[in-house]
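Structure first, commentary second.
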Protein chains: 2
Amino acid sequence: MSPRLDLGPWPNLGYAASRIDRAAEKRADAEAMHALEADATARWYVLGGELVAMRKSTSTFDPLFERADAHDLGPAGLPSVFLGMMDGAPRFALSIEAEAMEALKSRDDYEISDLRTIAVRGMVDGVHLPPLAEGKSLLLWHSRRRFCSNCGGQTRVVDAGWRRDCPACKMQHFPRTDPVVIMLTIDGDRCILGRSGRFASNSWSCLAGFVEPGETFEDAVRREVREEAGIVCGQVKYFRSQPWPFPSSLMIGCHAQALSHELVIDHNELEGARWFAREEVASMLARAHPDGLITPVPVAIAYHIIRDWVENGVEFD
Amino acid sequence: MSPRLDLGPWPNLGYAASRIDRAAEKRADAEAMHALEADATARWYVLGGELVAMRKSTSTFDPLFERADAHDLGPAGLPSVFLGMMDGAPRFALSIEAEAMEALKSRDDYEISDLRTIAVRGMVDGVHLPPLAEGKSLLLWHSRRRFCSNCGGQTRVVDAGWRRDCPACKMQHFPRTDPVVIMLTIDGDRCILGRSGRFASNSWSCLAGFVEPGETFEDAVRREVREEAGIVCGQVKYFRSQPWPFPSSLMIGCHAQALSHELVIDHNELEGARWFAREEVASMLARAHPDGLITPVPVAIAYHIIRDWVENGVEFD
């Protein structure tokens with residue numbers, strides 16, 4: 001079976017396919033780092049909480065600032081972090097205080113928006129999304145790690161933003177990356193989509209949840225589908241992964257084989273979930289559903305997991 | 001090409017294939033939790049840092065203790081955590097202080113060992129390894145999270161050990177799970193194995209490294225192989241995942257396609273790395289290498305990644 005609707009060329013997955021060379025060996029080298037900051041091609045991304053500062057230009061917006069311009073935008077809440085080299089040029093991210101970012105919204109020459117909106121609307125050239133994701137996750141981690149979780153002492157930034165050390169108890173703290181499984185549960189020509197209360201009322205997507213300590217991600221897929229929808233899953237097939245900087249998730253996209261059929265919905269987690277026929281899902285992807293139901297935007301991995309099943313199907317043993 | 005040596009039946013991957021039903025919906029229900037603790041079938045795993053307490057019995061050792069016996073082993077450093085239900089019976093993990101655990105080593109009726117040795121030597125029935133991994137990761141996380149990283153205040157345990165809350169700034173802290181990529185880089189009938197200085201001198205394994213914020217795990221594979229061995233990789237194929245409770249990693253096992261061939265080794269990370277022919281690796285898996293070189297034990301996912309390539313090969317597009 002093939003879908004009857006033409007969905008067009010396959011769009012890019014958001015925040016993925018980074019062109020940044022992280023040049024991790026330079027992080028601990030203070031001299032090299034000073035030289036990179038002073039390099040004429042060095043540029044800064046400027047963030048503040050969920051928001052990103054961009055300069056208005058002709059077609060898309062420009063999120064890159066020279067060093068002095070970046071620091072002029074407002075007082076830095078944190079030291080800048082080294083993201084790596086893009087096409088040979090150093091790239092950093094800097095966080096300015098929330099009030100300074102808010103104040104920039106009234107300026108005609110700047111555009112201020114959150115990273116999700118920037119990605120969905122294509123407000124910047126796509127090459128900027130992965131380094132913005134990298135910078136946002138790192139800076140948000142710093143903003144919540146001023147103190148040592150082991151002894152309560154104040155920590156300090158080392159390695160160009162890639163570690164925080166506790167001078168008191170000597171514990172080293174590394175940035176978090178939280179693995180999250182996100183899956184489409186399949187029974188032949190139908191699949192389960194769910195809705196969170198946070199979604200628009202016509203929007204349906206994959207189920208998802210954090211991987212917990214002590215489980216494989218295949219086990220995490222089976223646990224989450226059973227917890228949220230009451231469905232027993234068998235085989236789990238990995239599809240693709242995606243960094244998701246809200247705040248620092250690693251999305252692990254999968255297709256899962258349904259072994260049972262009766263839905264038992266956990267209404268603490270989901271507003272609803274039901275079986276959808278493949279043709280109906282195809283119409284949702286194409287924005288042609290008779291009741292206006294839709295699947296997520298192509299920035300999100302859910303779109304790709306769903307479309308891959310609709311167009312190519314998934315074979316389980 | 002098939003290997004000339006018979007490697008026997010495929011052994012189990014350590015700490016994976018958990019039979020625990022985490023029953024996460026019960027964690028926040030204090031009344032349900034009290035009932036589970038009082039259940040006649042409830043049992044506790046007793047840990048202390050890297051060590052696990054076991055009772056000596058006829059064949060393997062028994063790591064399960066009744067509630068009173070578990071608490072008698074020594075003062076608890078932390079509250080016990082709820083692991084879930086195994087075959088309908090509640091399972092918890094309790095951490096006793098390091099000195100109490102050391103003292104138990106002199107007792108004839110107990111065996112005290114670290115979780116890695118327990119797994120490698122098969123000291124307990126394999127069904128206990130996943131809950132022990134779950135408990136060890138959780139308890140170690142608690143031991144280093146007494147203070148709020150956001151405000152420095154003291155945190156308290158909630159949800160039967162699955163969250164810590166800060167009463168001062170209201171931040172909620174969740175257990176960490178750190179995704180780590182571990183990969184075999186392949187060029188037709190040869191692969192790259194490396195050695196860390198921490199390994200026994202005859203032991204060779206896959207390369208590995210933490211996934212960083214803002215990257216897919218395929219990008220993390222390519223970055224790590226280039227950083228550690230100077231090799232450019234193309235396609236990355238996911239193989240299997242494994243919880244690795246040292247202290248709380250999620251190992252993401254992959255095969256990677258080599259696009260370049262000249263090794264440039266980062267001696268800060270590796271003592272050595274080189275290309276190995278498939279026949280040579282087969283002899284290492286079979287413990288029949290003429291110079292006594294070996295690959296990792298079957299408890300580790302590296303064994304499975306390597307053996308899968310040796311026995312089945314990997315096709316890249």
Side-chain angles (χ1 to χ4, degrees), chain A residues 13 15-18 20-22 24-25 83 130-138 141 143-155 162 164 171 173-179 210-220 223 226-227 238 240-243 245 248 250-252 266 268, chain B residues 13 15-18 20-22 24-25 83 130-138 141 143-155 162 164 171 173-179 210-220 223 226-227 238 240-243 245 248 250-252 266 268:
Chain A
L13 176 63
Y15 316 113
S18 183
I20 287 271
D21 166 5
R22 294 178 177 228
E25 73 286 357
L83 302 178
L132 279 169
E134 180 185 348
K136 179 176 180 295
S137 287
L138 260 181
W141 176 77
S143 74
R144 294 177 181 170
R145 295 296 182 291
R146 288 178 301 144
F147 297 91
C148 176
S149 61
N150 188 47
C151 78
Q154 287 203 35
T155 55
W162 289 89
R164 294 185 78 97
M171 186 165 166
H173 300 271
F174 292 90
R176 271 183 87 121
T177 303
D178 298 313
F210 287 100
V211 180
E212 292 187 348
E215 63 185 354
T216 63
F217 68 68
E218 290 83 357
D219 279 345
R223 176 180 54 74
R226 199 166 46 95
E227 282 177 9
Y238 169 72
R240 284 181 73 174
S241 66
Q242 177 189 35
S248 59
L250 170 65
M251 308 302 287
I252 301 172
D266 175 0
N268 293 318
Chain B
L13 176 62
Y15 315 114
S18 183
I20 288 270
D21 166 5
R22 294 177 177 228
E25 73 285 357
L83 303 178
L132 279 167
E134 180 186 348
K136 179 176 180 298
S137 287
L138 260 182
W141 175 76
S143 74
R144 295 177 180 170
R145 296 295 181 293
R146 288 179 301 144
F147 297 92
C148 177
S149 61
N150 188 48
C151 77
Q154 287 204 35
T155 55
W162 289 89
R164 293 184 78 98
M171 187 164 164
H173 300 271
F174 292 90
R176 271 184 87 121
T177 303
D178 298 314
F210 288 98
V211 179
E212 293 187 346
E215 64 185 353
T216 63
F217 69 67
E218 290 83 357
D219 279 345
R223 176 179 55 74
R226 199 167 46 95
E227 283 177 10
Y238 169 71
R240 284 181 74 172
S241 67
Q242 178 190 34
S248 59
L250 171 65
M251 308 303 287
I252 301 172
D266 175 1
N268 293 318

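Side-chain atoms are counted along with the backbone in the values below, which use heavy atoms only and exclude waters and symmetry mates. Letters go in sequence order (proteins before strands), and every chain restarts at 1. A quick note: this is a predicted structure, and the numbers were derived from the prediction, not measured.
- Neither the backbone nor the side chain of B:Ser248 has a heavy atom closer than 4.5 Å to any heavy atom of chain A.
- Rounding to the nearest 0.5 Å gives a distance of 13.5 Å between CH2 of B:Trp162 and CZ of A:Phe210.
- B:Ser149 is not listed as a side-chain neighbour of A:Trp141, based on a closest heavy-atom distance of 4.5 Å or more.
- No other option in A:Thr216, A:Leu250, A:Ile252 has as many heavy-atom pairs under 4.5 Å with chain B as A:Thr216.
- In this structure, chain B has no heavy atom under 4.5 Å from any part of A:Glu25.
- Contact count against chain B (heavy-atom pairs under 4.5 Å) is highest for A:Arg22 among A:His173, A:Arg22, A:Arg145.
- Considering only heavy-atom pairs separated by less than 4.5 Å from chain B, the leading option among A:Leu138, A:Thr177, A:Asp266 is A:Thr177.
- Here A:Arg146 is the residue among A:Lys136, A:Met251, A:Gln154, A:Arg146 with the most heavy-atom pairs under 4.5 Å with chain B.
- The shortest heavy-atom contact between B:Pro175 and A:Pro213 is CB-CG, 3.7 Å.
- Between B:Ser241 and A:Glu218, some side-chain heavy-atom pair lies under the 4.5 Å cut-off.
- Residue B:Pro245 does not touch chain A at all, counting heavy-atom pairs closer than 4.5 Å.
- Chain A forms the most heavy-atom pairs under 4.5 Å with one residue out of B:Glu215, B:Gln242, B:Glu134, B:Arg223, and that residue is B:Glu215.
- Most heavy-atom pairs under 4.5 Å with chain A, from the set B:Glu227, B:Arg240, B:Glu212: that is B:Glu212.
- Only the backbone of B:Ser143 comes within contact range of chain A, with heavy atoms under 4.5 Å apart.
- B:Asp21 is listed as a side-chain neighbour of A:Arg226, based on a closest heavy-atom distance under 4.5 Å.
- Here A:Asp219 is the residue among A:Asp219, A:Thr155, A:Asn268 with the most heavy-atom pairs under 4.5 Å with chain B.
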